[in-house]
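Scroll down for the structure; my scribbles are underneath it.
For ligands, and for the atoms within them, numbers begin at 1 and follow the listed sequence. Positions are given from 1, in the same order as the sequence printed here.
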Amino acid sequence: MLGLVSTAIIVCGIYTLFYVVRRFNSWWYEPTLKKGQPPLPPGDMGWPLLGNMLSFLRDFKSANPEAFISSFVSRFNRVGVYKAFMFGKPTILATTPEACRRVLMDDVHFIPGWPKSTVKLMGSKSFVGISQEEHKRLRKLTAAPLNGPEALSKYMNWIEERVVSALENWSKMDQIDLLIELRRLTFNIIGYIFIRYDPNVIGALEREYGVLNLGVRAMAINLPGTAFNKAFKARRNVEAILQSVIDKRRSGQEKNDDKNGDMLDSLLQVKDENGRFLTDEEIIDLLVMYLNAGHESSAHITMWTIIFLLKHPEIYAKAKAEQENIVKRRIDRQTHMRFSELREMHYLRKVLDESLRLVNISPMVFREAVDDVEFNGFTIPKGWKTQVWLRNVHLDPHVYHDPLKFNPERWNSFVPKAGMFIPFGGGSRECPGNELAKMEITVFLHYMLLHYEVERLTPDCQLRYLPHPRPIDNCPVRIRKL
Ligand code: HEM
């Protein structure tokens with residue numbers, strides 16, 4: 001009898017302890033709401049300190065990353081917002097088009113809320129760390145010279161030259177790791193736009209970025225051997241390289257031979273309303289961020305579009321036929337692409353949109369609520385991080401029919417409502433390189449489809465989803481000229 005009682009006490013004790021530990025984050029972090037205020041969204045704040053990171057990492061290391069958000073939807077219904085605890089902070093997960101749109105478009109109540117690791121690696125003076133006013137000013141300075149039609153038409157032929165020469169070189173090699181080579185190519189392009197072309201500097205930077213990027217979505221644990229620690233060292237090396245580029249440019253030792261100047265020239269010359277120039281630290285942080293954001297995603301999306309095309313020969317054939325028709329319609333013997341031809345590539349545009357929808361290079365983007373915000377009968381509390389789950393919106397069967405199917409034809413009649421198609425984020429923080437990225441990828445596909453045959457050597461390779469979705473072997477391929 002005594003034995004039974006003590007067993008019951010131990011079981012109750014373990015159960016109570018488990019319950020207390022499991023509820024700890026809620027008790028500790030959830031604010032007391034004012035009378036009449038809607039409740040916090042439903043959800044699960046996981047374990048103390050770790051929160052939901054273990055299940056996030058488990059699902060994103062599995063073959064089914066969708067399980068992470070699905071577990072909230074199945075337990076708490078499709079309400080669009082859930083409470084959680086991620087990257088060491090109480091967090092709201094926004095998962096439907098309506099919720100994502102609300103957060104992305106509301107600059108008054110939401111500011112950037114990137115994890116500490118991202119801010120440390122990109123720099124507190126880059127877009128992920130500066131105030132809204134400063135952000136507006138620097139966006140204005142950098143976005144149009146990068147992404148506006150005039151800038152794009154200026155960059156197009158240079159990009160074309162790089163693409164043609166890369167494909168030619170790759171076709172002479174037995175095989176290449178497609179992602180690694182595409183990354184090199186896109187880094188050359190963004191490097192040229194920002195600091196013009198010095199192959200040694202660009203090559204050294206590109207190697208450091210390979211390491212830096214792996215730490216961007218990692219926990220900010222700076223211990224020897226962690227992804228964050230290695231990335232932090234790479235960031236220091238990048239800083240040193242960029243500082244020497246700036247020093248040479250300031251001292252006139254190294255002149256930019258293009259009379260129009262590059263982005264670094266603009267950043268060195270710009271003054272704010274009080275006549276203050278940007279400091280080297282500010283310029284370096286901006287460059288670190290732009291050079292990173294400006295090559296990784298474009299390389300990944302190009303690789304994935306090629307993978308999808310190879311998997312679907314009928315779509316490949318249609319995309320190729322469109323490019324052949326465009327070339328046939330040229331009245332002169334012109335061999336270069338024309339900027340206006342991009343607008344004629346209706347089918348390729350659908351192929352690209354479908355890749356962007358399926359790949360979700362950034363599963364989510366990060367904001368923070370600066371005030372209590374009401375959404376859908378719930379309160380998003382002031383000071384909480386808010387993750388906008390682009391990935392979930394794009395792969396949600398309530399939004400897209402048969403969402404895991406690569407089907408460019410879906411774009412024939414489907415016009416997405418606000419918040420339904422957000423591969424470049426949205427609002428004042430929407431990707432400032434979106435048109436440049438689409439142009440780079442389109443130019444690449446134009447030449448690949450017309451003049452090359454690509455064979456994927458390991459089509460069944462396992463995938464990895466963090467920090468970005470990719471085959472773990474970086475997609476070896478053989479490329480042959482037709
Ligand atoms: C297919 C390629 C690309 C994809 C899918 C992509 C996606 C994104 C996403 C989702 C964001 C976050 C937006 C938000 O917070 O609402 C972003 C931000 C950003 N992207 Fe891109 N991007 C791509 C290419 C580029 C390129 C080529 C550049 C530069 C030339 C670039 C520069 C940036 C910068 C600087 C930001 C931060 C913007 C800010 O906070 O104001 N991206 N991108």
Could you tell me whether [X] approaches ligand 1 through its side chain, its backbone, both or neither, with non-hydrogen atoms closer than 4.0 Å?
X: Arg139; result: side chain
X: Met289; result: side chain
X: Ile190; result: side chain
X: Val128; result: neither

Nearest non-hydrogen protein atom, [atom]:
atom: atom 22 (N) of ligand 1; value: Cys431 SG, 3.1 Å
atom: atom 29 (C) of ligand 1; value: Gly294 CA, 3.5 Å
atom: atom 4 (C) of ligand 1; value: Phe424 CE2, 3.4 Å
atom: atom 19 (C) of ligand 1; value: Pro432 CD, 3.6 Å
atom: atom 32 (C) of ligand 1; value: Ala293 CB, 3.4 Å
atom: atom 10 (C) of ligand 1; value: Pro423 O, 3.4 Å
atom: atom 12 (C) of ligand 1; value: Val365 CG1, 3.6 Å
atom: atom 5 (C) of ligand 1; value: Ile361 CG2, 3.4 Å

Does Thr458 use its side chain to pair, donor to acceptor, with the backbone of Cys461 at less than 3.5 Å?
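Here the side-chain-to-backbone pair does not exist.
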
So, applying side-chain contact (heavy atoms from CB on, under 4.5 Å) with Phe194, which one of Asp262, Leu264, Leu291 is it?
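One option only clears the test, and that one is Leu291.
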
So [X] and [Y], would you call those rings parallel, tilted or perpendicular, with 30° and 60° as cut-offs?
X: His394; Y: Tyr400; answer: perpendicular
X: Tyr290; Y: Phe127; answer: perpendicular
X: Trp389; Y: Phe56; answer: perpendicular
X: Phe68; Y: Phe60; answer: perpendicular
X: Phe406; Y: Phe308; answer: parallel

Contact with ligand 1 for His135, non-hydrogen, under 4.0 angstrom:
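The answer is yes, since His135 has a heavy atom less than 4.0 Å from ligand 1.
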
What do you reckon, does Arg367 put a non-hydrogen atom under 4.0 Å from ligand 1?
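For ligand 1, residue contact (heavy atoms, under 4.0 Å) with Arg367 is present.
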
Will you find, in the side chains of Asn147 and Asn434, an N or O donor that is under 3.5 Å from an N or O acceptor?
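Per modelled atom types, Asn147 and Asn434 side chains form a pair under 3.5 Å.
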
Nearest-0.5 Å distance that lies between atom OG in Ser298 and atom CZ in Arg183:
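Result: 12.0 Å between the selected atoms.
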
Using a strict cut-off of 4.0 Å, indicate which atoms of ligand 1 neighbour a heavy atom of [X].
X: Gly426; answer: 16 (O)
X: Leu436; answer: 30 (C)
X: Ile301; answer: 1 (C)

My understanding is that we take every heavy atom of each candidate and find the minimum distance to atom 13 (C) of ligand 1. Doing that for Lys136, Arg429, Met364, which one comes out nearest?
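The nearest heavy atom belongs to Arg429.
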
I'd like to know whether the aromatic ring centres of Trp411 and Phe421 sit less than 6.0 Å apart in this structure.
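Aromatic pair counts; centres sit under 6.0 Å.
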
